[in-house]
Asks: 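This is the structure I have questions about; it appears just below.
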Amino acid sequence: FHGTYGINIEPAWDISTGSGVVVAVLDTGVAYEDYVQNPAKRYYLAPDLANTHFIPGYDFVNGDAHPNDDDSHGTHVAGTIAQSTNNGIGVAGVAYDCSIMPVKVLGPRGGTLDQLVDGIYFATDWGADVISMSLGFPPGYYPGVALDDALDYAYDNGVTIVAAAGNDETGTVSYPAAYEKCIAVGAITEEGTLASYSNYGNDIDVVAPGSRILQNTFDPNTQDTSDFGFWYFRGTSMATPHVSGIAALLIASAEANGETLTPYE
């Protein structure tokens, strides 16, 4: 987060660290627990999420209450938002005192519209203040009214929705980011220029660092859920949680002053 084109987060921590805010990460799950699914499949808590606060989520891919990551992507995203901080290892989370609600709507081969819609309703009904979606449909594809209705439901219930613009190098932003009630996030490089992979255009609301973002997750090449390290990922998926974390800081700061921010604000 350092450098001229970072997000200058350290001074913000003097005001807020995100305490009391719930951020739902709709993704491939998060490495948030030690859990034996069966003798052949075990999941582990990421070392640099050991002091991060989690609240119960749900796995809409497998239909159970253990939204563990089997891809490494969701863990990386969650780390940017709330990686354990001041623990002597790894890197820092933007809003490291917020609570993460892991909601698994993607597997290693993607997910379905129904899973995404169900995840949005679940996160809203179970207390999310922010929904972070580092995912999207192909540019130009409109998923339909069911997704619009779910996003309306979240927005009307006071949830701030943040979504990745997509990595297709096109001027068409992907859904759900393209929906007017989402904050659509594009990516910039370490030099402050629009990343070559990032979608762009009038539907972009903000850009954030998306290139060479380091976080603690398991090996994305082997997908061995016990083999943790610090990996550089890039994409609008990595830019999105920076914005989700900042939203958590703003919400927490307002609440500490007895105020309530609307998603529009």
Side-chain angles (χ1 to χ4, degrees), residues 1-2 6-27 29-34 44-58 67-69 74-104 122-134 154 157-162 183 185 206 208-209 213-217 228 230 233 237-263 265:
F1 314 134
H2 294 282
I7 62 173
N8 194 33
I9 195 64
E10 288 93 340
W13 289 333
D14 293 333
I15 301 169
S16 174
T17 55
S19 180
V21 175
V22 175
V23 181
V25 176
L26 274 60
D27 212 290
V30 179
Y32 75 102
E33 66 171 351
D34 295 325
Y44 301 90
L45 171 64
D48 207 11
L49 292 176
N51 297 325
T52 300
H53 185 243
F54 293 96
I55 67 169
Y58 196 78
N68 289 288
D69 192 0
T75 300
H76 197 284
V77 167
T80 295
I81 300 169
Q83 194 95 277
S84 300
T85 302
N86 297 327
N87 60 348
I89 63 170
V91 296
V94 173
Y96 57 83
D97 277 333
C98 79
S99 298
I100 296 292
M101 177 195 295
V103 181
K104 184 175 175 64
F122 177 92
T124 303
D125 287 341
W126 288 94
D129 298 292
V130 180
I131 288 177
S132 186
M133 296 184 288
S134 290
N157 279 277
V159 180
T160 299
I161 312 163
V162 187
I183 299 174
V185 184
V206 68
I213 303 302
L214 183 70
Q215 290 295 348
N216 187 207
T217 191
F228 287 94
F230 287 87
F233 284 13
S237 283
M238 283 57 255
T240 298
H242 285 82
V243 177
S244 301
I246 291 169
L249 297 183
L250 291 169
I251 293 167
S253 177
E255 290 179 348
N257 291 316
E259 303 169 357
T260 301
L261 286 180
T262 66
E265 290 168 326

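Computed over heavy atoms, backbone and side chain alike; hydrogens, waters and symmetry mates excluded.
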Asks: Under the rule for side-chain hydrogen bond (donor to acceptor under 3.5 Å, both in side chains), what residues qualify as partners of Asp48, not counting sequence neighbours?
Replies: Asn87
Asks: Can you measure from CD1 (Ile81) to CD1 (Ile100) and round to the nearest 0.5 angstrom?
Replies: 4.5 Å
Asks: Report the relative orientation of the aromatic rings in Phe233 and His76; use parallel for angles under 30°, tilted for 30 to 60°, perpendicular for over 60°.
Replies: parallel
Asks: Regarding Asn51 and Ser84, do their side chains bring together a donor and an acceptor under 3.5 Å, going by distance alone?
Replies: no
Asks: Looking at every heavy atom in both Ser16 and Leu249, which two are closest together, and how far apart are they?
Replies: OG-O, 3.2 Å
Asks: Side chains of Thr75 and Asp69: donor-acceptor distance under 3.5 Å anywhere?
Replies: yes
Asks: Show every side-chain hydrogen bond (donor to acceptor under 3.5 Å, both in side chains) that has at least one partner inside residues 249-260, sequence neighbours left out.
Replies: none
Asks: Are the side chains of Phe228 and Asn216 in touch, meaning some heavy atoms are under 4.5 Å apart?
Replies: yes
Asks: Quick check for you: to the nearest 0.5 Å, what is the distance between Thr217 atom OG1 and Gln83 atom CD?
Replies: 9.0 Å
Asks: Considering only heavy atoms from C-beta outward, does the side chain of Ile161 approach that of Pro263 to under 4.5 Å?
Replies: no
Asks: With rounding to the nearest 0.5 Å, note down the distance linking CE in Met101 to CD1 in Ile55.
Replies: 3.5 Å
Asks: Would you give the length of the straight line joining atom CG of Asp34 to atom OH of Tyr44, rounded to the nearest 0.5 angstrom?
Replies: 7.5 Å
Asks: Tell me if a side-chain donor or acceptor on Trp13 pairs with a main-chain N or O of Ala95 at a distance below 3.5 Å.
Replies: no
Asks: Grab the two heavy atoms, one from Asp27 and one from Ser134, that are nearest each other, plus how far apart they are.
Replies: OD2-CB, 3.7 Å
Asks: Work out which heavy atom in Ala128 is nearest to a heavy atom in Ala24; give both atom names and the distance.
Replies: CB-CB, 3.8 Å
Asks: Got Trp126 and Pro56 here, is their nearest side-chain heavy-atom distance under 4.5 Å?
Replies: no
Asks: To the nearest 0.5 Å, what is the distance between OG1 (Thr160) and CD1 (Ile246)?
Replies: 13.0 Å
Asks: What I'd like to find out is whether the side chain of Lys104 reaches to under 4.5 Å of the side chain of Asn68, using heavy atoms alone.
Replies: no
Asks: Closest heavy-atom contact between Pro241 and Val77?
Replies: CB-O, 3.5 Å
Asks: Can you name the nearest heavy-atom pair linking Thr240 to Met133, along with the distance?
Replies: CG2-O, 4.0 Å
Asks: Rounded at 0.5 Å granularity, tell me how far CG in Asp97 sits from OG1 in Thr52.
Replies: 9.5 Å
Asks: Compare every heavy atom of Ser132 with every heavy atom of Ser244, then report the nearest pair and how far apart it is.
Replies: OG-OG, 2.7 Å
Asks: Give a yes or no on whether the backbone of Ala92 and the side-chain of Thr85 come within a donor-acceptor separation of less than 3.5 Å.
Replies: no
